[in-house]
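Labels below follow one simple rule: chain letters A, B, ... track the order of the sequence lines, proteins then strands, and each chain is numbered from 1. Hydrogens, waters and symmetry mates are skipped; everything else that's a heavy atom, side chains included, is used.
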There are 2 protein chains.
Amino acid sequence: MADSNRKKQILNGAARLFRKRGFTATSMRDIASELQIEAPSLYNHIKGKQEILQILLLELARSFTSGMEVIRNSTLTYEEQLEKLIRLHVDLTIKHPNGMALLTSDWVHLEEPAFSQYVSMRDEYELAFRNILIGAFKNDGKESVNVDLALFSILSTLRWLYTWVLKNPEINPVELEKEMIENLLSGIFNRS
Amino acid sequence: MADSNRKKQILNGAARLFRKRGFTATSMRDIASELQIEAPSLYNHIKGKQEILQILLLELARSFTSGMEVIRNSTLTYEEQLEKLIRLHVDLTIKHPNGMALLTSDWVHLEEPAFSQYVSMRDEYELAFRNILIGAFKNDGKESVNVDLALFSILSTLRWLYTWVLKNPEINPVELEKEMIENLLSGIFNRS
DNA sequence: GTCTATAAGAGGATAGAC
DNA sequence: GTCTATCCTCTTATAGAC
């Protein structure tokens with residue numbers, strides 16, 4: 001339907017502006033101006049600015065959560081699960097580079113109950129990531145490593161990946177997956 | 001003097017609030033409330049909200065620039081220079097964790113000419129970092145590596161380090177330096 | 001579904017008393 | 001150096017015409 005299409009335009013435009021200037025510094029007029037309409041027209045498609053943020057953030061967070069579910073329920077080795085996780089991040093980042101920016105900063109502006117929903121999804125995700133990393137370290141005979149610092153380092157790079165993707169729009173997803181896996185895991189594990 | 005002291009309190013309080021909620025979402029009333037005074041009183045010590053942002057950001061950026069100058073003018077090997085750079089980041093992050101948060105997000109709200117000053121300082125810094133990394137790779141016989149992706153990965157971790165420091169306030173600087181150097185460089189170079 | 005007009009409030013900043 | 005009072009602008013959101 002036309003409405004659903006318009007809604008997508010609003011969400012995409014808002015995501016781009018939120019990424020560039022932040023949620024608070026972006027006005028409804030700014031968003032409307034992207035679609036060359038007036039601000040009040042937006043309210044025929046969405047309840048308000050907060051709803052835009054919630055849809056963008058929670059839908060993307062759910063993609064990560066469900067991707068994690070598939071991986072942790074698989075029969076892959078821990079190290080293979082790590083590779084799959086990196087692929088998940090690369091793919092979602094290429095699909096939603098603007099949304100990824102919100103995930104790292106504008107989530108603080110979520111109102112309840114969306115805020116608590118987001119934080120608990122994020123915490124559960126990072127805990128599951130941590131468990132897989134611990135498993136991989138054990139299988140590799142590296143129990144002395146500072147797991148949390150390694151996790152922190154990997155997640156930091158994955159969080160910033162959207163800036164890389166935005167700077168290199170012609171990027172090949174498969175190539176980027178390969179390079180990221182090499183970059184993030186080859187220093188940690190003894191790989192072929 | 002009392003004034004200079006008050007000014008420092010304002011800058012520290014503002015940095016903390018900017019880090020937590022962002023520059024735009026923090027009001028002058030919020031900052032004043034931290035010091036238990038009223039908003040107009042702030043203007044006896046600073047010109048306005050924008051000046052606070054500029055002082056916080058440009059002073060920290062200058063610390064990085066001058067730290068880089070010392071390192072690149074040294075007679076250390078490239079790999080030793082890399083170690084020194086990581087120490088520089090760790091030390092400045094422990095000293096100014098709130099300021100580091102602004103460096104990664106709120107710089108977009110700088111007005112001219114501060115904006116251009118900041119961007120060119122940042123670009124020159126990253127270029128110098130890149131040159132040192134290239135030199136280290138060459139000395140290590142690794143010319144096939146994707147330098148820019150390695151640089152991106154290292155800088156991403158260093159940028160997020162302030163969250164680690166804020167979560168671990170009792171942290172030992174020397175220990176953290178050691179772990180960060182190991183974490184960031186041992187995967188890339190053949191180290192003892 | 002988009003518009004104009006407007007309500008209701010928050011924000012940065014200044015004037016002037018003390 | 002801090003206060004109260006206030007100005008002016010911007011912001012989110014609604015009402016109601018077309």
Take the protein atom CG of A/L42 and the nucleotide atom P of D/dT14, then report the distance between them rounded to whole Å.
12 Å
Using side chain to side chain donor-acceptor pair (under 3.5 Å) as the criterion, list what pairs up with B/E38, not counting sequence neighbours.
none
List the residues meeting side chain to side chain donor-acceptor pair (under 3.5 Å) with A/Y125, not counting sequence neighbours, and say none if there are none.
A/H89
Sequence-distant partners of A/E34, salt bridge (charged side-chain N to carboxylate O under 4.0 Å, His left out), two or more places apart:
A/R16
Report whether A/L155 and A/V108 are members of the same hydrophobic cluster (ILVMFWY, side-chain heavy atoms less than 4.5 Å apart, transitive linking).
yes
So if I define the base as every atom that isn't primed, P, OP1 or OP2, how would nucleotides 3-18 of chain C read as a B/S/- string at a heavy-atom cutoff under 4.0 Å?
BBB-----BBBB----
Run the salt bridge (charged side-chain N to carboxylate O under 4.0 Å, His left out) test against A/R72 and tell me which residues pass, sequence neighbours left out.
A/E69
Nearest whole angstrom, please: distance from the C1' of D/dA13 to the CD1 of A/I52.
12 Å
Can you list every side chain to side chain donor-acceptor pair (under 3.5 Å) pair that touches residues 161-170 of chain A, not counting sequence neighbours?
none
Which residue pairs pass the side chain to side chain donor-acceptor pair (under 3.5 Å) test when at least one of the two sits in residues 145-155 of chain B, sequence neighbours left out?
A/T157-B/S153, A/E179-B/N146, A/N183-B/S153, B/R130-B/D148
Write down the distance between CD1 (A/I46) and C1' (D/dT12), rounded to a whole number of angstrom.
10 Å
Heavy-atom contacts under 4.0 Å between residues 9-20 of chain B and DNA chain C, which residues?
none
Sequence neighbours left out, what passes ring-ring contact (aromatic ring centres under 6.0 Å, His included) with A/F18? Give chain and number order.
A/F23
